Amino acid sequence: MKQQERQAHSRREILTAAMEEFGSRDYAQVNMENICKNHGISKGMMYHYYSNKDELFLLCVEDTFNALNDYVIQHKDRLNSPNIPERIRDYFMLREYFFQLDPKRKQIFETAMLHPPKHLRGQIQTLREPLRRTNQAFLEQAVHSRILRPGLDRERVIRYLDRMEAVFQEIFLSDQNSESVPDLHALLELAGEAVDLLLFGVLRQEDTAASAIPDAQ
């Protein structure tokens with residue numbers, strides 16, 4: 001095996017071990033020593049390639065974001081429902097289908113998106129940029145022909161919808177932490193409800209006006 005091949009093999013071995021650790025434990029519970037001990041990796045080899053835990057975590061985050069982005073790009077063209085809320089719902093559900101195939105990545109994704117270490121937030125947002133661009137392109141296409149409420153511009157709407165990603169993760173995580181873990185059918189219904197509420201709100205327009213507190217006499 002050539003030196004370049006050995007280096008690539010070593011890096012893959014370390015990445016696999018780090019994915020296992022960060023995919024099954026909280027960020028704070030993972031350290032370099034345990035990664036080496038639990039996966040038979042020498043400390044010499046580990047520190048030859050990576051200096052600290054943060055480098056390994058960002059490596060796992062980047063690998064997860066890229067794999068998810070590839071999966072979304074591969075499958076998003078199949079989302080052709082004429083109903084825009086259904087299409088958006090199905091788009092955000094793509095990541096749940098992806099994580100069903102690889103649950104370890106789900107833990108890493110949720111840590112990066114919902115509970116990132118403060119000192120790594122900027123780097124995580126940079127790593128997420130390709131996935132964000134994919135989201136933005138899909139959402140722009142989805143709302144292209146829709147009539148917006150007066151006073152809204154499409155750029156503002158796209159930014160809002162892009163932020164729904166974090167909302168979906170919070171909703172799914174909260175529901176999955178309940179006593180009965182929902183299956184994909186239940187998550188699909190939950191996602192549909194979330195899209196409906198986030199797109200159309202909860203109050204009728206006339207009710208918001210009628211419920212306003214009258215001026216004091």
Side-chain angles (χ1 to χ4, degrees), residues 11-12 14-27 30 56-81 83-117 120-121 123-143 158 160-178 180-196 198-199:
R11 288 181 181 275
R12 285 195 301 272
I14 293 171
L15 174 60
T16 299
M19 292 288 291
E20 177 70 25
E21 293 297 313
F22 286 113
S24 57
R25 294 174 175 80
D26 292 337
Y27 170 85
V30 179
L56 285 179
F57 180 67
L58 291 173
L59 180 70
C60 294
V61 170
E62 182 177 23
D63 189 78
T64 296
F65 282 170
N66 289 342
L68 175 58
N69 193 42
D70 290 344
Y71 181 88
V72 169
I73 290 173
Q74 181 182 354
H75 292 86
K76 68 183 179 66
D77 290 338
R78 302 178 188 178
L79 308 179
N80 52 15
S81 170
N83 183 288
I84 299 302
E86 286 185 4
R87 197 185 308 172
I88 294 174
R89 175 204 67 186
D90 292 344
Y91 179 78
F92 282 105
M93 280 298 295
L94 280 177
R95 67 198 60 224
E96 289 303 312
Y97 299 137
F98 171 79
F99 291 133
Q100 288 283 319
L101 299 173
D102 196 341
K104 297 293 184 186
R105 293 189 188 274
K106 185 177 180 66
Q107 169 83 13
I108 294 169
F109 182 84
E110 288 176 349
T111 299
M113 292 296 296
L114 301 178
H115 314 291
L120 298 180
R121 285 178 178 173
Q123 291 164 277
I124 288 171
Q125 287 305 310
T126 299
L127 294 175
R128 180 181 171 265
E129 186 60 24
L131 182 59
R132 191 195 67 79
R133 288 197 298 267
T134 298
N135 290 346
Q136 186 175 34
F138 172 83
L139 294 169
E140 284 177 348
Q141 183 183 37
V143 304
I158 296 303
Y160 168 76
L161 292 176
D162 184 46
R163 293 188 184 107
M164 286 172 55
E165 178 181 44
V167 175
F168 268 76
Q169 292 304 316
E170 286 280 15
I171 291 172
F172 290 160
L173 185 61
S174 174
D175 210 70
Q176 289 170 350
N177 285 339
S178 63
S180 58
V181 177
D183 57 19
L184 282 176
H185 179 74
L187 284 176
L188 194 64
E189 291 186 354
L190 186 64
E193 179 182 287
V195 168
D196 182 72
L198 289 167
L199 287 181

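Treat the numbers as computed from the prediction; the structure is a model and nothing was measured.
- The side chain to side chain contact (heavy atoms under 4.5 Å, CB included) check on R121 picks up P116, K118, with sequence neighbours excluded.
- By the side chain to side chain contact (heavy atoms under 4.5 Å, CB included) test, Q125 is found to be paired with R128, residues two or more places apart in sequence or in another chain being considered.
- The minimum heavy-atom distance between P130 and T126, with the atom names listed, is CD-O, 4.1 Å.
- Taking each heavy atom of E21 and V30 in turn, the nearest pair found is O-CG2, 3.7 Å.
- To the nearest 0.5 angstrom, I14 atom CD1 is 7.0 Å from L56 atom CG.
- Using a 4.5 Å cut-off on side-chain heavy atoms (C-beta onward), R87 and F138 make contact.
- By the ring pair (Phe, Tyr, Trp, His ring centres under 6.0 Å) test, F65 is found to be paired with F109, residues two or more places apart in sequence or in another chain being considered.
- Summarising the geometry of I124 relative to P117, their closest heavy-atom pair is CD1-CD, 4.5 Å, with the distance given to 0.1 Å.
- Under the salt bridge (charged side-chain N to carboxylate O under 4.0 Å, His left out) criterion, R132 pairs with E129, sequence neighbours left out.
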Could you give the side-chain donor-acceptor pairs of residues 69-76 under 3.5 Å, partners two or more places apart or in another chain?
from	atom 1	to	atom 2	distance (Å)
N69	OD1	T134	OG1	2.6
H75	ND1	Y71	O	2.8

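- Remark: R105 engages D63, D102 in a salt bridge (charged side-chain N to carboxylate O under 4.0 Å, His left out) (not counting sequence neighbours).
- Rounded to the nearest 0.5 Å, atoms CZ (R78) and CG (D90) are 13.0 Å apart.
- Scanning all heavy atoms of the two residues, the minimum distance from E86 to S81 falls at OE1-OG, 3.2 Å.
- When side chains are defined from C-beta on, K106 does not count as touching T64, because their heavy atoms never get closer than 4.5 Å.
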